[in-house]
2 protein chains.
Amino acid sequence: MARKTGSHSEITGPKVRAAALKLIAQHGFAAVSMRRIAEEVGVQAGALYNYTRDKQALLFDLMCSHMKELLAAREAAAVSGDPVARLDAFTRFHIRWHLPRGDQVFISYMELRNLTPANFAEIERLRKVYEDELETVLQDGVDAGLFHLDDTKVTTLAIIAMLTGMSTWYRAEGRLSLDRIEALYVGMVRRLVGI
Amino acid sequence: MARKTGSHSEITGPKVRAAALKLIAQHGFAAVSMRRIAEEVGVQAGALYNYTRDKQALLFDLMCSHMKELLAAREAAAVSGDPVARLDAFTRFHIRWHLPRGDQVFISYMELRNLTPANFAEIERLRKVYEDELETVLQDGVDAGLFHLDDTKVTTLAIIAMLTGMSTWYRAEGRLSLDRIEALYVGMVRRLVGI
DNA sequence: CATTTAACTGAACAGGCGTTCATTTGAAAA
DNA sequence: TTTTCAAATGAACGCCTGTTCAGTTAAATG
């Protein structure tokens, strides 16, 4: 046998993904060229094609990984118990997980229109799985007479928009600590569902 | 005197802006070429430069107009009275004004990173004026002992994120009428400030 | 009708784009 | 030390990019 498969690949592969993530979040998918990504990695443009079929696959891979990691982390942190505890857990999880992943969040919301229709459908499917988790919590809370809200679906979308919006302005060096942010959002989400 | 200044210009100018708005909202600023915009207008690419200094100015113009029209409309719809009435008015205004302007909203949130630093600063300044309007209402409500919330600034940003997020999923032909949407969001915003 | 000139064309510019591929490199395997 | 081949190079492909500008067109003015 010759040299182990992917001895360099194991280093360059992640570097390609990291460079693409950073640059696309910064300038947008269409504005970043393969040559610019290659430069960031320290390699010629042609070498990128050892790690991705084409530019579109690179974007899809970033977005798909983001969503699958989100769902896996959510599953690992699953909480059972009463709807109030599950709602608080969802809020805390969303903030803790999204906050250190600003670039991924940005790309996942901004670059949907640059996906091919098939790739777009897949990402939307994964996003819906996440939304449904929250919707189920809200519905259970309503059914148990604990939450008071007018429309479960709209409230779900409103909460996710509110939580995700934080990524656009939060800065680690800012006025508010992560703990404080978390507490504020837990409070606001609770109010939103009428607790 | 020769022919009136801008006899065709008055027709083509708005067509250029409309085409740019539609295409940039659809595909993103960097992904849309001047030739593609010209094609949509029914003109050669060179002719666009009778209506914009360059591509960057076209984007800035769209975003700047959007923000200035928003602020002008807000001023025209200004309400005085108690904080609760002003809060409800803000919610209703935001929804009614943003909902039929999906493309502008999309561009104004997505294409900030494609502005030059100077243009970016100007748009952010205008956005802040709008945010400050809501923040003032919240602060007045808190001072009057009517609202119960933990952090005025964060609540302001959360409300705006929640309201603006609606643009990403609302469809006129969907399950909910505009009146219903408005009522739902007025209710949610009220809950968020502890009414 | 003759003149004026705003509006537009169409070609050109220099450079960048995504992608392919024959060739070179160099470290691990034998 | 020799062999092997994954990994990377670098040039090339055809096409597209934003922008400029000399030249053409045609409608309104005098």
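The sequence lines fix the lettering, A, B, ..., with proteins before strands; numbering per chain opens at 1.
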In whole angstrom, what separates L58(B)'s CG from dT19(D)'s C1'? 14 Å

Checking E131(A) against T156(A): is there a side-chain donor and acceptor pair closer than 3.5 Å? no

Only counting residues at least two apart or in another chain, list the ones meeting salt bridge (Lys or Arg N to Asp or Glu O under 4.0 Å) with R36(B). E39(B), E40(B)

Does R127(A) qualify as a cation-pi partner of Y109(A), given the criterion of NZ or CZ under 6.0 Å from the six-membered ring centre and within 45 degrees of its axis? yes

For atom NZ of K153(B), is the number of surrounding heavy atoms from other residues, nucleotides or ligands below 6.0 Å larger than 12? yes

Polar atom pairs (N or O), protein with nucleotides 18-21 of chain C, under 3.5 Å:
residue, atom, partner, partner atom, Å
dG18(C), OP1, M34(A), N, 3.4
dG18(C), OP1, K55(A), NZ, 3.0
dG18(C), OP2, M34(A), N, 2.8
dG18(C), N7, R35(A), NH1, 2.7
dG18(C), O6, R35(A), NH2, 2.8
dT19(C), OP2, Y49(A), OH, 2.7
dT19(C), OP2, K55(A), N, 2.9
dT19(C), O5', Y49(A), OH, 3.3
dT19(C), O4, R35(A), NH2, 3.3

Cluster link F106(A) to Y170(A), ILVMFWY, side chain under 4.5 Å: no

Can you measure K15(B) atom NZ to dA7(C) atom C1' for me and round it to whole angstrom units? 13 Å

Are the charged groups of R175(A) and D151(B) less than 4.0 angstrom apart, N to O? yes

dA7(C) OP1/OP2 closer than 4.0 Å to side-chain N/O of Y51(B): no

Interatomic distance, N50(B) CG vs dC21(D) P [rounded to whole Å]: 13 Å

Would you say dA8(D) has OP1 or OP2 under 4.0 Å from some side-chain N or O of T12(A)? yes

Quick test: give all pairs of protein nitrogen or oxygen and nucleotides 22-24 of chain C nitrogen or oxygen below 3.5 Å, distance rounded to 0.1 Å.
none

Whole-Å distance separating the CD1 atom of I11(A) from the P atom of dA6(D): 17 Å

Polar contact flag, side-chain donor to acceptor under 3.5 angstrom, E122(B)-N119(B): no

Atom CG of L48(A) and atom P of dG10(D): how far apart are they, to the nearest Å? 14 Å

Ignoring hydrogens and angles, state whether a donor on the side chain of D88(B) or T91(B) is under 3.5 Å from an acceptor on the partner side chain. no

